[in-house]
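Single-structure report; data block below.
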Amino acid sequence: MEDIFNFKVNTDLYSGIGQTASFFKQIIEKNGYRRSLVLVDEGVKNKSLYFAEVLDEARKRIEIVDEMVLRGNEEPDYDYLDQIVCHIRSLGDIDLILGIGGGSCLDIAKASAALRNNQGTGVEYRGFDKLLAPGIPTLLIPTTAGTGSEVTINAVFTDKNHKKKFGING
């Protein structure tokens with residue numbers, strides 16, 4: 001019997017050298033986003049000229065409510081995710097999370113957006129399709145190749161109590 005594999009994602013993927021301004025204009029204006037939080041990997045923030053370009057373009061199109069620099073030297077855990085989500089919930093009305101960085105940063109951005117409108121802690125949502133309310137949209141800009149975090153519904157975190165990685169998937 002032949003193995004059958006079907007991989008389906010509901011993701012718009014934009015790619016093109018020098019197209020940042022065009023993509024921001026197209027995405028933000030098309031969807032009417034007004035207020036955003038930026039989550040950025042510390043390595044990107046400190047060492048990338050591209051980040052400055054991206055942030056400048058974002059600021060032309062949308063109000064940046066806050067910019068959080070995420071630690072980049074270790075895999076994120078649920079406790080760290082909860083700290084970030086607590087801050088995001090305190091920001092009031094934001095309608096977009098912009099994540100710029102590697103796979104861990106993008107996972108934090110996706111999970112934060114998902115948990116923004118859901119009560120409780122991140123570990124309560126580990127597993128599949130446990131979100132009760134829709135999250136807010138994310139605009140993800142990967143700065144590394146290979147993780148695929150920008151196109152999947154999965155966000156992986158370490159559960160320090162069980163010493164294992166578990167995902168929020170949905």
Which atoms form the tightest heavy-atom contact between [X] and [Y], and what is the distance?
{"X": "Thr11", "Y": "Glu150", "result": "CG2-O, 3.8 Å"}
{"X": "Gly102", "Y": "Thr144", "result": "CA-OG1, 3.5 Å"}
{"X": "Pro137", "Y": "Tyr33", "result": "CB-OH, 3.3 Å"}

Dump the intermediate steps for side-chain contact (heavy atoms from CB on, under 4.5 Å) on Leu81 and Tyr125, then the final yes or no.
-> CA-CA 12 Å; Leu81 173 63; Tyr125 293 93; over 6 Å; no

What's the verdict on side-chain contact (heavy atoms from CB on, under 4.5 Å) for Asn117 and Ile136, showing C-alpha distance, side-chain angles and the deciding distance?
-> CA-CA 8 Å; Asn117 297 331; Ile136 62 174; 3.6 Å; yes

Check ion pair Glu42-Lys45 (N to O, under 4.0 angstrom) =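 Judged by the 4.0 Å cut-off on N to carboxylate O distance, Glu42 and Lys45 do not form a salt bridge.
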
Pair Lys165 + Asp159: basic N to acidic O under 4.0 Å =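 No.
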
[X] (side chain) donor-acceptor with [Y] (main chain) under 3.5 angstrom:
{"X": "Glu29", "Y": "Gln26", "result": "no"}
{"X": "Thr158", "Y": "Asp77", "result": "no"}
{"X": "Ser48", "Y": "Tyr50", "result": "yes"}
{"X": "Arg71", "Y": "Asp41", "result": "no"}

Find out whether Phe24 and Leu98 are in side-chain contact, i.e. whether some heavy atom of one side chain is under 4.5 Å from a heavy atom of the other.
->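 They are in side-chain contact.
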
Nearest-0.5 Å distance, [atom1] of residue [X] to [atom2] of residue [Y]:
{"X": "Ser36", "Y": "Arg61", "atom1": "OG", "atom2": "CZ", "answer": "14.0 Å"}
{"X": "Ile94", "Y": "Asp66", "atom1": "CD1", "atom2": "CG", "answer": "9.0 Å"}
{"X": "Ile168", "Y": "Leu131", "atom1": "CD1", "atom2": "CG", "answer": "7.5 Å"}
{"X": "Asp95", "Y": "Leu37", "atom1": "CG", "atom2": "CG", "answer": "11.5 Å"}
{"X": "Phe51", "Y": "Asp56", "atom1": "CZ", "atom2": "CG", "answer": "9.0 Å"}
{"X": "Ile84", "Y": "Arg89", "atom1": "CD1", "atom2": "CZ", "answer": "12.5 Å"}

Applying the salt bridge (Lys or Arg N to Asp or Glu O under 4.0 Å) test to Asp93, which of Arg116, Arg34, Arg35 qualifies?
->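 Single salt bridge (Lys or Arg N to Asp or Glu O under 4.0 Å) partner of Asp93 among Arg116, Arg34, Arg35: Arg34.
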
Run through Val38, Ile27, Asn31 and flag the one making a side chain to side chain contact (heavy atoms under 4.5 Å, CB included) with Leu139.
->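 In the set Val38, Ile27, Asn31, the residue that makes a side chain to side chain contact (heavy atoms under 4.5 Å, CB included) with Leu139 is Ile27.
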
With clusters defined by side-chain heavy atoms of hydrophobic residues (ILVMFWY) lying less than 4.5 Å apart, directly or transitively, does [Y] cluster with [X]?
{"X": "Val69", "Y": "Tyr80", "value": "no"}
{"X": "Leu91", "Y": "Leu70", "value": "yes"}
{"X": "Ile141", "Y": "Leu39", "value": "no"}
{"X": "Val65", "Y": "Met68", "value": "yes"}
{"X": "Ile28", "Y": "Ile97", "value": "no"}

Solution key, residues 106-113 side-chain donor-acceptor pairs under 3.5 Å, sequence neighbours excluded:
{"residue": "Asp107", "atom": "OD1", "partner": "Ser149", "partner atom": "OG", "Å": "2.6"}
{"residue": "Asp107", "atom": "OD2", "partner": "Val156", "partner atom": "N", "Å": "3.1"}
{"residue": "Lys110", "atom": "NZ", "partner": "Ser149", "partner atom": "O", "Å": "2.7"}
{"residue": "Lys110", "atom": "NZ", "partner": "Ser149", "partner atom": "OG", "Å": "3.3"}
{"residue": "Lys110", "atom": "NZ", "partner": "Thr152", "partner atom": "O", "Å": "3.0"}
{"residue": "Lys110", "atom": "NZ", "partner": "Thr152", "partner atom": "OG1", "Å": "3.2"}
{"residue": "Lys110", "atom": "NZ", "partner": "Asn154", "partner atom": "O", "Å": "2.5"}
{"residue": "Ser112", "atom": "OG", "partner": "Ile108", "partner atom": "O", "Å": "2.7"}

Check the pair Tyr78 / Asn161 against side-chain contact (heavy atoms from CB on, under 4.5 Å), numbers first and verdict last.
-> CA-CA 10 Å; Tyr78 281 100; Asn161 293 330; over 6 Å; no

Just checking, Arg126 and Phe166: is the charged tip under 6.0 Å from the six-membered ring centre and within 45° of the axis?
->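 Yes, Arg126 and Phe166 form such a contact.
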
